[in-house]
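The structure appears below as structure tokens.
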Amino acid sequence: MKDETNIKLFLVDDDALYLNCLKIAFLNKGNFDIHTYATGEKCLENLKLNPDVVILDYHLDGINTFAMNGIEVLDRIKAFNGEIPVIMLSSQDKIEVAINCMHHKACDYVVKSETCFLRLNKIITTISAFRKIEKELKWYMQRM
Amino acid sequence: MGIIKKPVVIIEKKIDGNTTTQTIKYVDLSYITKLAKSKPEAISEIIEAYLRQTPALVSTMKESLKNKDWHTLKSTVHKMMPSFNIMGINKEFEQIAVQIQDYAHKLEQSTELDALVLQLGNVCDNACVELENELKLLKLQK
């Protein structure tokens with residue numbers, strides 16, 4: 001992560017209520033720079049901002065059938081920069097959906113439930129810790 | 001935020017002299033109150049998002065049933081479901097949404113589906129009324 005204290009987080013969900021809840025939940029944590037997008041298209045337009053983590057809804061074409069779905073957006077994010085971790089979010093607690101997301105190189109899959117925010121926070125903490133270790137390893141490797 | 005147990009059905013009793021009035025409450029704001037750390041502005045923001053979004057979803061749900069557009073019906077109900085947890089709406093009503101999704105997925109039309117859609121619509125409408133009142137109270141607190 002570029003800034004040790006602030007994680008640049010993209011939240012992408014066409015459900016305005018859930019998007020608001022996610023934003024508030026992460027704002028309360030204090031160390032996030034949050035960007036919210038109601039569509040995958042808007043998220044892709046802003047990828048040049050280089051998010052540290054993207055939380056992406058699976059079913060983005062639920063209401064607007066012409067919108068890109070979550071998997072399409074995931075593929076585009078990975079094509080832009082394969083290093084950006086993308087956490088897929090969905091109301092569906094189905095193994096096939098989770099496997100599909102992982103096949104498309106999602107970092108993780110979280111079901112929208114009561115424990116959703118706790119799980120997301122834990123995943124982001126793990127990603128941060130991993131990135132820190134990677135950075136330190138790279139630093140040492142360069143000096144060998 | 002932790003895990004919060006949802007009440008079964010909330011019945012508010014008001015005793016006024018010899019008269020007892022029972023009102024069924026459709027929403028329970030304890031989850032969003034904890035999520036928003038009891039900040040009235042944040043709670044209002046969440047309620048406003050629900051009030052902006054839900055009437056349109058209910059309308060789309062009813063319209064898609066009328067037009068036998070099973071894909072839209074399924075997608076719309078799917079979109080409504082996460083809000084039940086957030087707004088503390090009884091799990092039984094969430095099960096109604098699951099049943100509607102199931103019928104729509106199987107491209108089935110039945111008289112039961114009409115009743116389920118009507119019931120879910122009523123729950124959402126009642127939830128909106130309660131939340132509008134809560135929003136007014138929150139705005140008075142500011």
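For the numbers below, each heavy atom of this structure counts, side chains included, while hydrogens, waters and symmetry mates do not. Order of the sequence lines sets the chain letters (A, B, ...), proteins ahead of strands, with each chain counted from 1.
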Item to check | Residue part contacting chain B, namely of A:Asp57, when any heavy atom lies under 4.5 Å | outcome: side chain

Next on the checklist: What I want to find out is whether B:Lys91 reaches A:Glu114 closely enough, with some N-O distance under 4.0 Å, to be called a salt bridge.
Outcome noted: yes

Next on the checklist: Does any backbone or side-chain atom of B:Lys74 lie under 4.5 Å from a heavy atom of chain A? Answer side chain, backbone, both or neither.
Outcome noted: neither

Next on the checklist: What part of B:Leu51 gets within 4.5 angstrom of chain A, counting heavy atoms only: side chain, backbone, both, or neither?
Outcome noted: neither

Checklist entry - What do you reckon, are the aromatic ring centroids of B:Phe93 and B:Phe84 less than 6.0 Å apart? => result no

Next on the checklist: Taking side-chain hydrogen bond (donor to acceptor under 3.5 Å, both in side chains) as the cut-off, I'd like each qualifying pair that reaches into residues 66-84 of chain A, sequence neighbours left out, listed once.
Outcome noted: A:Asp75-A:His104

Item to check | Part of B:Glu45 within contact of chain A (heavy atom distance under 4.5 Å) | outcome: both

Next on the checklist: If I measure from the heavy atoms of chain A, does B:Thr72 come under 4.5 Å with its side chain, its backbone, both, or neither?
Outcome noted: neither

Checklist entry - Can a salt bridge be assigned to the pair A:Asp108 and A:Lys122 using a cut-off of 4.0 Å between side-chain N and carboxylate O? => result no

Item to check | Side-chain (B:Lys37) to main-chain (B:Ala42) donor-acceptor, under 3.5 angstrom | outcome: no

Checklist entry - A:Asn121, A:Leu17, A:Asp61: which one forms the most heavy-atom pairs within less than 4.5 Å of chain B? => result A:Leu17

